[in-house]
Undergrad: 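Sharing a structure, written as structure tokens. Questions coming.
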Amino acid sequence: KAKTMDKSNLIRDQGPSIGYAAIVISFALNYFTLARLEGNRSAFRKGNKKLKKLKKWVSDGAVNLFPMVMLLQAERLSVSGERDAVKRAYDKAIAAAARTGFLQYKALAYQRAARYFLGDFDALGRDYLVDAIETYTAWGANGVAQYLTDEFKSLFECESSEYDSALIRSSFGQGTHYKGVGRFGQESVEQHRQLRPMWSG
């Protein structure tokens, strides 16, 4: 009688599939978000468990996941870490993604950094948000870029002095899955770039 194949062993022996790794990353991001926003200790432990799984995969040779390990470490630190340390951790994740050439990882790291700082009404989040939109556009994820543009539309329309009130009016979804099929064109990219000087104060 032929033995039934143990699929969990197959995944463990051969490394994660792209889809399975994406699921683990998504769960980890959501767990750390719950831990940060609600003080959920159980979610923090679960996020740590997913992070350890990714670290094991990287140590076993799945080096393409290294930027995501760096991002999850930043997310873990964001739960209770000091602002400057959290910023350094996100910047390291962004740099790691840039070195590997995975634009999707780089865009996600920018996006998560933006949500962290915008969630604390920190002006630094605006720069991360523009970088996220530009990087998603460069990757070809125009729907995600448009989603973020629409979500934070009030920020792009306001003057610098009106930023705080516009930020409070904005909605801050914390998930990592977005809908959107609109096209985010080059003209809009240039418009976002022009916002940087206004946001530098």
Undergrad: What distance do Y147 atom OH and F152 atom CZ have between them, rounded to the nearest 0.5 Å?
TA: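 Y147 OH to F152 CZ: 8.5 Å, rounded to 0.5 Å.
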
Undergrad: Is the backbone of A132 close enough, under 3.5 Å, to the side chain of T135 for a donor and an acceptor to pair up by distance?
TA: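 Absent.
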
Undergrad: When you compare the side chain of T149 with that of Q146, does any pair of heavy atoms fall below 4.5 Å?
TA: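 The answer is yes; the side chains approach within 4.5 Å.
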
Undergrad: Is any side-chain heavy atom of R76 closer than 4.5 Å to a side-chain heavy atom of F44?
TA: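 SC-SC contact between R76 and F44 confirmed.
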
Undergrad: With respect to L108, which candidate in L71, I94, V144 satisfies the side-chain contact (heavy atoms from CB on, under 4.5 Å) definition?
TA: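 Option passing the side-chain contact (heavy atoms from CB on, under 4.5 Å) with L108: L71.
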
Undergrad: Please tell me whether I25 and F102 are part of a single hydrophobic cluster in this structure, the criterion being side-chain heavy atoms less than 4.5 Å apart.
TA: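 Yes; F102 is reachable from I25 via cluster members.
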
Undergrad: Tell me whether E151 is salt-bridged to R115, with the criterion being a basic N under 4.0 Å from an acidic carboxylate O.
TA: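 The answer is yes: the pair qualifies as a salt bridge.
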
Undergrad: Tell me whether L65 shares a hydrophobic cluster with Y20, the cluster being built from Ile, Leu, Val, Met, Phe, Trp, Tyr side chains joined at under 4.5 Å.
TA: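 The answer is yes; both residues are in one hydrophobic cluster.
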
Undergrad: Between L124 and R83, is there a side-chain heavy-atom distance shorter than 4.5 Å?
TA: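 Counting from C-beta outward, R83 and L124 do come under 4.5 Å.
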
Undergrad: If you look at every heavy atom in A21 and W57, which pair is closest and at what distance?
TA: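 It is CA-CZ3, 4.0 Å.
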
Undergrad: With no hydrogens and no angle check, do the side chains of E75 and Y90 hold a donor and an acceptor under 3.5 Å apart?
TA: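 Indeed, the side chains of E75 and Y90 share at least one donor-acceptor pair under 3.5 Å.
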
Undergrad: Is any side-chain heavy atom of L29 closer than 4.5 Å to one of R112?
TA: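 Yes - at least one pair of side-chain heavy atoms lies under 4.5 Å apart.
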
Undergrad: Going by heavy atoms in the side chains, are K87 and Y128 under 4.5 Å from each other?
TA: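 A side-chain contact exists here, since the closest heavy-atom pair is under 4.5 Å.
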
